[in-house]
J.: 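Pasting a structure here, questions to come.
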There are 2 protein chains.
Amino acid sequence: MLSQTAEYALRAAVELSERYEEGPIRVDDIASRLAVPRNYLSKILHALAKDGLLRSTRGPSGGFELARPPSKIPIEDVIRPFDPGLVSGARACLLGRKACGDADPCAAHSRWGVVRAQVQSFFAETTLEKLVRRVAHV
Amino acid sequence: MLSQTAEYALRAAVELSERYEEGPIRVDDIASRLAVPRNYLSKILHALAKDGLLRSTRGPSGGFELARPPSKIPIEDVIRPFDPGLVSGARACLLGRKACGDADPCAAHSRWGVVRAQVQSFFAETTLEKLVRRVAHV
DNA sequence: TGTATTTCTCATGATAAAATGATAAATAGG
DNA sequence: CCTATTTATCATTTTATCATGAGAAATACA
């Protein structure tokens, strides 16, 4: 469902949420815990830092940490940079029609729209905190 | 959401449904209608034929046609060969954990399970006929 | 039997995603 | 100031997806 990259990003974000306020966490630490390629994860976290989602600190005792509390981070913010189509409204048509909309619907429009909206609101309403606390789905 | 290949397959299947019982339809015909690469579509349709979903006829007045009526074809059958992870239960975990299950759930398990089930039942319950007739979502 | 038509099959190329490796830049702490 | 540590950056490789092209195999029809 998620691209490999988005999946790594989300898993790392969950990890950082679990250790929120412990100070910066090293890429090496996260990468080995998650069994994910170190340099690749490094680039992913850097991208999230540029987005303002993470804070990065260089040098000894440096690393990455969440820039705001897990309760303030819907997972769509973690996923969007790497899987924009899944999270945003663009390319919403199951059949890939650019012009697809209520006015000019494709064959799947109404049926698919319902499901798609559920997926999108899942990403919008699920915060990192809810994941970490394993709050049941509403 | 769908891979390019699965999307082409689904669009072609919708096209074939609209012209069900008109006899074999040429790849060239479908490809130009859908504005999809001819040889690429050819391979996709061939794969669906090997799966038993389509019947292919070679030679003059040949082409592809649905092997059974559109009402008997859930779109998961069209998508599965090209996007197996989306449709089947395998790799159901949002965080990519192989062992993820009710007994050993990942952080997202319960919340994501609800949404995922909705997506899967959409693909299982939506037939080509429902798409072509544009029946409203239940 | 011959010819045009069409799928079948394989070889190749183009592009994007995923992963690796090496070096530069910053910084904490002795 | 020096050194170890850590992120930042860039170049490259690997792998998968998307796409093109050419010829082989089958078949309808004259």
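Everything numeric here is computed off the predicted structure, so don't read it as measured data. Chain letters run A, B, ... following the sequence lines, proteins first, then strands; residues in each count from 1.
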J.: Atom CG of B:Leu41 and atom C1' of C:dT6: how far apart are they, to the nearest Å?
T.: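 It works out to 14 Å between those atoms.
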J.: Rounded to whole angstroms, how far apart are CG on B:Asn39 and P on C:dG13?
T.: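 Distance check: B:Asn39 CG to C:dG13 P gives 16 Å.
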J.: Would you say B:Arg58 reaches D:dT27's phosphate, i.e. side-chain N/O to OP1/OP2 under 4.0 Å?
T.: no
J.: With nearest nucleotides of DNA chain C determined for A:Arg38 and B:Gly63 from heavy-atom distances, which residue corresponds to the more 5′ nucleotide?
T.: B:Gly63
J.: Rounded to the nearest Å, what distance is computed from the CG atom of residue B:Leu45 to the P atom of nucleotide C:dT7?
T.: 9 Å
J.: Of all the nucleotides listed (C:dA28, C:dC8, D:dT7), which has the minimum atom distance to the side chain of B:Ser56?
T.: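 When the side chain of B:Ser56 is considered, C:dC8 is the closest of C:dA28, C:dC8, D:dT7.
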J.: Under 4.0 Å from OP1 or OP2 of C:dG21: is there any side-chain N or O of A:Tyr40 that close?
T.: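 Answer no for this pair, as no side-chain N or O of A:Tyr40 is under 4.0 Å from OP1 or OP2.
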J.: Which residue lies toward the 5' end of DNA chain D, A:Ser42 or B:Ser61, if each is placed at its nearest nucleotide?
T.: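 Result: A:Ser42.
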J.: Can you tell me how the ring of B:Tyr8 sits relative to the ring of B:Tyr40, calling it parallel under 30°, perpendicular over 60° and tilted otherwise?
T.: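 Judged by the thresholds at 30° and 60°, the geometry between B:Tyr8 and B:Tyr40 is perpendicular.
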J.: Touch check for A:Phe82, heavy atoms < 4.0 angstrom, all strands: base, sugar-phosphate only, or nothing?
T.: nothing
J.: Using whole Å, report how far CG of B:Leu48 lies from P of C:dC8.
T.: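 Between P of C:dC8 and CG of B:Leu48: 11 Å.
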J.: Among B:Val14, B:Val87, B:Thr127, B:Leu131, exactly one meets side chain to side chain contact (heavy atoms under 4.5 Å, CB included) together with B:Ile75. Which residue is that?
T.: B:Leu131
J.: With a 4.0 Å cut-off, would you call A:Arg19 and A:Asp29 a salt bridge?
T.: yes
J.: Round to a whole Å and report the spacing from CD of B:Gln4 to P of C:dT15.
T.: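 Interatomic distance, CD of B:Gln4 to P of C:dT15: 15 Å.
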J.: Closest approach to the side chain of A:His46, judged atom by atom: which nucleotide of D:dT9, D:dT27, C:dA19 is it?
T.: D:dT9
J.: Kindly point out which of C:dA19, D:dA8, C:dA4 is positioned nearest to the side chain of A:Lys43?
T.: C:dA19
J.: Taking CD from B:Glu65 and C1' from C:dT7, how many angstroms apart are they, rounded to a whole number?
T.: 13 Å
J.: Does the pair A:Glu7/A:Arg11 count as a salt bridge with the N-to-O cut at 4.0 Å?
T.: yes
J.: Just compare D:dC18, C:dT7, D:dT7 and give me whichever is closest to any side-chain atom of A:Val27.
T.: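 Nucleotide nearest to A:Val27's side chain: D:dT7.
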J.: Can you tell whether the side chains of B:Asp77 and B:Arg80 come within less than 4.0 Å, N to carboxylate O?
T.: yes
J.: Would you mind telling me which of D:dA19, D:dC18, C:dA18 lies closest to the side-chain atoms of B:Ser3?
T.: D:dC18
J.: Tell me the interatomic distance from A:Arg55, atom CZ, to D:dA8, atom P, rounded to whole angstroms.
T.: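 Nearest whole value for this atom pair: 13 Å.
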J.: Once you round it to whole Å, what is the distance between C1' of D:dA19 and CG of B:Leu34?
T.: 16 Å
